[in-house]
Amino acid sequence: MPVLIERLTVEQFAALPESETEFYELHNGEVVYTGAPTKGLIDTRCSVSDVLMPVAEPHGILVAELPFCVNKFSLGRADIGFVYWPRWNAVPDTGWLIGAPDLAIELMSPSMNEAEMLAREKLCLASGCREFWTMYPEERRIRVATASQTLIYAPTDTITCSLFPSWSVKVSKLFA
């Protein structure tokens, strides 16, 4: 006889001791280990934040490990997320962003495979994300997906972002 496992809600997940959820997310009611970031990934996050912060800050919040809730059974964290001020200011102090960030940036790491990353991209784009960046630190390339297209940027390319129309930078500057 199959064992029935009850899915956790976001509220139940949030009630767990913080040390037990630090490197976990809730995916469709299932607690999923996301791994602790390595020094290299942290350095890359810092580089991306340093480059994007001046252009992002006037328009919204740019933050690492941005939590977002796409339904009552799913609470994720963007490695780096950007949210326009009106959406961010509507989030209660004791709550989470409802829907995906306007810009979600994820770094490929040993704890995630390509299929998992594509599923995350699809979920985010279906939940309000306007651009989803997958950064590949080892190859120093970036995959940018929107609802209508996907582009791949090499280290020598110049990347743009539709959320910041006048902004561009060499891809290599985004990597530590």
Side-chain angles (χ1 to χ4, degrees), residues 9-11 13-14 18 21-29 32 34-37 41-109 111-112 116-137 142-151 153 159-169 171 173-176:
T9 65
V10 169
E11 290 77 19
F13 177 74
E18 192 170 310
T21 62
E22 187 175 5
F23 300 116
Y24 292 85
E25 293 181 355
L26 188 65
H27 296 183
N28 199 27
V32 177
T34 58
L41 293 177
I42 292 169
D43 287 346
T44 300
R45 283 184 194 174
C46 289
S47 292
V48 171
S49 294
D50 288 348
V51 171
L52 284 177
M53 189 65 73
V55 70
E57 200 168 54
H59 307 286
I61 186 168
L62 180 79
V63 65
E65 294 294 323
L66 177 67
F68 62 96
C69 182
V70 294
N71 60 49
K72 73 178 195 172
F73 296 108
S74 298
L75 180 66
R77 287 187 319 269
D79 285 337
I80 300 171
F82 169 80
V83 181
Y84 284 111
W85 285 123
R87 280 187 73 206
W88 183 251
N89 290 335
V91 177
D93 287 345
T94 58
W96 301 280
L97 176 69
I98 302 301
D102 296 299
L103 170 64
I105 302 173
E106 296 289 341
L107 282 70
M108 267 313 258
S109 67
S111 66
M112 185 171 275
E116 292 167 329
M117 185 63 80
L118 288 173
R120 185 174 195 82
E121 173 187 300
K122 183 178 177 181
L123 175 68
C124 284
L125 290 174
S127 302
C129 185
R130 293 177 54 189
E131 281 195 20
F132 186 96
W133 294 13
T134 303
M135 298 184 68
Y136 297 85
I142 302 173
R143 180 180 190 275
V144 175
T146 66
S148 60
Q149 69 178 354
T150 299
L151 301 170
Y153 292 90
I159 191 169
T160 61
C161 180
S162 64
L163 282 73
F164 316 117
S166 62
W167 176 84
S168 66
V169 70
V171 168
K173 290 196 181 244
L174 293 170
F175 291 94

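Side-chain atoms are counted along with the backbone in the values below, which use heavy atoms only and exclude waters and symmetry mates.
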Nearest 0.5 angstrom please: [X] [atom1] to [Y] [atom2], how far?
X     : Y      : atom1 : atom2 : result
Ser49 : Ile105 : OG    : CD1   : 7.5 Å
Cys69 : Leu75  : SG    : CG    : 6.0 Å
Lys72 : Leu26  : NZ    : CG    : 12.0 Å
Leu62 : Leu103 : CG    : CG    : 7.5 Å

Checklist line | Criterion side chain to side chain contact (heavy atoms under 4.5 Å, CB included) on Tyr153 and Leu174, from CA distance to verdict | finding: CA-CA 12 Å; Tyr153 292 90; Leu174 293 170; over 6 Å; no
Donor-acceptor pair, distance only, cut-off 3.5 Å: does the side chain of [X] make one with the backbone of [Y]?
X      : Y      : result
Glu65  : Arg77  : no
Glu131 : Val144 : no
Ser168 : Thr160 : no
Trp85  : Glu57  : yes

Checklist line | side chain to side chain contact (heavy atoms under 4.5 Å, CB included) between Phe132 and Leu123, intermediate numbers included | finding: CA-CA 10 Å; Phe132 186 96; Leu123 175 68; over 6 Å; no
Next item on the list: For Asn71, check side-chain contact (heavy atoms from CB on, under 4.5 Å) against everything at least two apart and list the hits.
Entry: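 Checked Asn71 against side-chain contact (heavy atoms from CB on, under 4.5 Å); matches are Phe73, Ser74.
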Item checked: Partner residues of Ala100 under the side-chain contact (heavy atoms from CB on, under 4.5 Å) criterion, sequence neighbours left out ->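 Phe68, Cys124, Ser127, Cys129.
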Next item on the list: Report the relative orientation of the aromatic rings in His59 and Phe164; use parallel for angles under 30°, tilted for 30 to 60°, perpendicular for over 60°.
Entry: tilted
Checklist line | Audit row: Leu107, Val48, side chain to side chain contact (heavy atoms under 4.5 Å, CB included) steps and yes/no | finding: CA-CA 11 Å; Leu107 282 70; Val48 171; 5.8 Å; no
Item checked: CA sep, side-chain torsions, deciding dist, call: Phe175, Ile142, side chain to side chain contact (heavy atoms under 4.5 Å, CB included) -> CA-CA 10 Å; Phe175 291 94; Ile142 302 173; 3.9 Å; yes
Notebook entry, point to check: If we only count heavy atoms from C-beta on, is the Trp167 to Leu52 side-chain gap below 4.5 Å?
Noted result: yes
Next item on the list: State, with a plain yes or no, whether a side-chain heavy atom of Cys161 is found less than 4.5 Å away from one of Phe82.
Entry: no
Note to self: Which residue is it: Arg143, Glu121, Arg120? I am looking for the one with a side chain to side chain contact (heavy atoms under 4.5 Å, CB included) to Glu106.
What the structure shows: Arg120
Next item on the list: Determine the minimum heavy-atom distance between Met112 and Met108, stating which atoms define it.
Entry: O-CE, 3.7 Å
